[in-house]
Structure formats: C-alpha cells, structure tokens
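Okay, so here's the structure we're looking at.
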Amino acid sequence: MKILIAGGAGFLGSNLTRSLLSQGHEVVVVDSLSTGSRDNISDLLSHSRFYFYEMGVETDEFVNEFIVNDGRHFDYVYDLACPTGVPNIQYLGEEMVDACSVGTKNLLRLALKHKAKFLLTSSSEVYGDPEVFPQTEDYTGNVDPQGWRANYEEGKRFAETLVSLFVKKHNLNAKTVRLFNVYGPFMNLRDQRVVPRFVTQALAGDPLTVHENNALRTMCFVSDIVRGLQLVVDKGMQGGIYNLGSDQELNMKELAEKIISLTKSSSKINFVPGMILDHKRRMPDLSKIHTLGWKQTVSLEKGLKLTIKDFKKRMPVVPVHGTVQIKMA
Ligand SMILES: NC(=O)c1ccc[n+]([C@@H]2O[C@H](COP(=O)([O-])OP(=O)(O)OC[C@H]3O[C@@H](n4cnc5c(N)ncnc54)[C@H](O)[C@@H]3O)[C@@H](O)[C@H]2O)c1
C-alpha cells in the first residue's frame, strides 16, 4: 500500500513509519520539522520505499506538490501534523491552528482525490478540563475558546469538525482517534512532556520536577498506539471517533519514583509550580476501541525500560564532578 504520513518525522509518526515500512508498505512523510526532527528518520532516508518532503501541509508548496501536480497515488493518509508540547501552545500557537485547519483540510482534499482511507490523530485535549470521568467519546468537553490552551484544544476540535464534514459531505472513509498520553522511543529529548522530562533529568542526575498539583495521568507505550492507529483506520467505523491510550492512572510523583528506580539514578524529587491551567486528571473510557479488539499490552515498567534505553543511546553526556550532565546541542 502507498501511505502518506503528515508529521511522520515526529515521535509518533516516526514509530508509525517504521512499523508500516516493516510491513512492506511504501511511506511518504511530509513534515515541517517544527517539533519533529530529521534525526528521527535519518536512517530511513536511503530506504527504497521511503520518501521525505520537508514542508508544511498548510502551504501552497504542499498543495502544488501533492494535490495539483502530483500523479502519486495514496491508499492511506494519516494526519499527525501538529506542533506539540504545552510551552509551544504559546510559542507555536499560530502554527498549531494553521496545521489543524488549513493543513487538515488539505490532507482531507488529498485523501478525497485518491479515495484514500484517512485518519486524524486528535487529542484528549478536546475534552479540556473534564467534568466527566472517565471520558467517553460522546462527552463534548469543557473548553474555553479564548483560554490559554485554546490554540491546541480548539485547533484539534476544529480538525475533528473538518473530518466530520468530509465524511458527511463527501462520504470520505475517515476516522478520528483521540490520543491520551503516549510515551516511548524517539520522543524529542527537549520535549517538556512528563516522560522525556523525567527521564532526561534522572539520567543527568538532576532533580525530577513534579508539578505541585501532582496530577493524575495515564501512560500508553507507543507500539500499542501504533497498532491502535492501524486498527482504527482499517476496522473503525466510517466517521468514527475512538479514544486510544491507557486507563491505568498514576500520579506524577509515582511516575517520577519509578523512573528514578529504573534509571538507578541518585536524583531527588522537587515539587515546582505547575503549568497554567494544567488539567488535574484525565481518563479515557476505552470500551469503544476494545470492540475493535485493541488492548494495551506493554506494561509501564517494560515501556519505561525501552524508553530509557533509547534515551541513553541518544543523550550526549559528559561527566561533570562525578555526575553526568546533559549537553544539549
Ligand atoms: N504523543 C502524545 O501523547 C499525543 C497525545 C495526544 C495527541 N497527539 C497527537 O498526535 C500527533 C503526533 O504527536 P507526537 O507526539 O508525535 O508529536 P511530535 O511533535 O513529535 O509530532 C508532530 C509532527 O508534526 C510535524 N508538524 C507540525 N506542524 C506541521 C505542519 N504544519 N506540516 C507538516 N508537519 C507538521 C512536526 O514537525 C512533528 O514532526 C499530533 O497531532 C499530536 O497532537 C499526541
């Protein structure tokens, strides 16, 4: 099959790309590299079934290359293209709304042109600060359209609206997954999400910075998510929305302690003020994705060990006064 992955040089996209290549498919990645990295795919650039285009999906360049001119056929279009990371809601806010509006619409047009199956990776952020636990897919959320997190939250909600429009108006075979926290190899070392932050801090011997609200989160390993994305795009209902992630909650202090223990680090835990409007708790209802036969298979301990192994390989470290310090280029 011929597959386009928008955002394929990011954390999740590069894991999905590897999985699809290993299954014998041809993969075209389009990525602006705003939060992704060429390093994530550098070993694939010489692969005979892999093609990389550095460009934003919201640009005229993308429209000309893939919609106006291109003769290349696609069987699947995966839309993972969106800057991520809470600090980037401020720094890359406009890029977020562009990717989720013009970018997603361009990708939907492309899928329509080729009658390709389409999958949007939306987010648990569409539920905002939920008043309902666990969150089922029909819960419409609690989001402030003017709020500090709106660029991402409302961006994803609008991208979902576009998918729904193309299903209803054009009968496109499109689906949406709402991802809850995912972690694993190929996360950006500078990523401020909790697993990369704690792992880099632990490996450097620095204190692990747990936000004072000690939020509850669920964590799902990336290989389970990649399997879930493929399952939904192939077996999900047309126009269907599926929560995807883990429903096993833990607080951030527990996660920090686990990472300290698995890295055998001497780091301590420091409680620090949280991010603006950080959500205290989120929890997916997974009944719908379970009906497709999906279940989480990788334990937190196993997933963290694989993640730590990958981070150790990629983190440049120099010894300083008997400890180690990360040297970020
Ligand atoms: N990882 C998670 O826990 C999680 C949770 C919820 C939702 N998601 C969603 O899953 C998708 C993948 O997330 P990730 O964790 O791999 O993050 P990521 O930042 O590593 O990947 C996103 C990729 O999209 C690229 N990108 C951004 N804007 C683009 C544009 N306009 N055109 C082309 N490429 C663009 C980035 O450069 C990056 O490579 C995102 O849409 C994200 O919102 C992820």
Side-chain angles (χ1 to χ4, degrees), residues 4-18 28-41 52-63 65-66 77-89 91-107 110 119-127 135 149 151-160 163 176-197 217-222 224-226 228-229 232 242-246 279 282 284 303 307:
L4 183 134
I5 305 180
F11 154 53
L12 196 46
S14 57
N15 279 282
L16 176 63
T17 298
R18 280 184 173 72
V28 174
V29 161
V30 178
D31 199 302
S32 62
L33 300 183
S34 62
T35 50
S37 164
R38 195 176 275 271
D39 291 346
N40 289 344
I41 49 163
F52 175 56
Y53 292 79
E54 184 179 340
M55 60 177 73
V57 288
E58 76 288 5
T59 59
D60 292 344
E61 193 186 7
F62 174 80
V63 173
E65 182 72 38
F66 286 94
V77 174
Y78 284 85
D79 180 3
L80 280 63
C82 179
T84 55
V86 174
N88 286 332
I89 295 175
Y91 301 125
L92 297 174
E94 191 169 349
E95 287 81 351
M96 281 178 184
V97 295
D98 283 350
C100 294
S101 55
V102 185
T104 293
K105 188 167 179 205
N106 285 341
L107 290 165
L110 179 69
L119 185 79
L120 170 72
T121 54
S122 182
S123 168
S124 59
E125 296 282 337
V126 301
Y127 298 123
Q135 290 90 54
R149 301 172 78 103
N151 300 328
Y152 189 74
E153 292 175 342
E154 294 291 5
K156 288 291 181 185
R157 287 164 73 93
F158 186 65
E160 288 198 14
V163 173
T176 296
V177 290
R178 291 182 181 151
L179 296 174
F180 287 66
N181 289 8
V182 189
Y183 72 97
F186 295 107
M187 289 191 100
N188 189 329
L189 296 176
R190 295 165 184 273
D191 199 316
Q192 286 304 303
R193 285 180 278 191
V194 66
V195 169
R197 195 175 77 236
R217 289 284 183 274
T218 61
M219 295 286 156
C220 193
F221 189 66
V222 66
D224 279 333
I225 297 294
V226 163
L229 298 182
V232 171
Y242 296 85
N243 286 336
L244 182 57
S246 168
H279 305 314
R282 277 229 198 82
T307 307

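Atoms within a ligand are numbered from 1 in the order they appear, just like the ligands themselves.
- Partners of C100 by side chain to side chain contact (heavy atoms under 4.5 Å, CB included), not counting sequence neighbours, listed by chain and number: C82, K156, A159.
- Considering CG of L229 and CG of L16, their distance stands at 6.0 Å, rounded to 0.5 Å.
- With rounding to the nearest 0.5 Å, the separation of CG in L179 from CG in L80 is 7.5 Å.
- Annotation: ligand 1 has protein neighbours G7, A9, G10, F11, L12, D31, S32, L33, S34, T35, G36, M55, G56, V57, E58, L80, A81, C82, P83, T84, A99, T121, S122, S123, Y152, K156, L179, F180, N181, V182, R193, each with a heavy atom less than 4.0 angstrom from the ligand.
- Listed by chain and number, the residues in a side chain to side chain donor-acceptor pair (under 3.5 Å) with E54 are R38 (sequence neighbours excluded).
- Side-chain atoms of Y127 and N243 include a donor-acceptor pair closer than 3.5 Å.
- Here E160 pairs with L120, S122, V126, T176, R178, I241 under the side chain to side chain contact (heavy atoms under 4.5 Å, CB included) rule; sequence neighbours left out.
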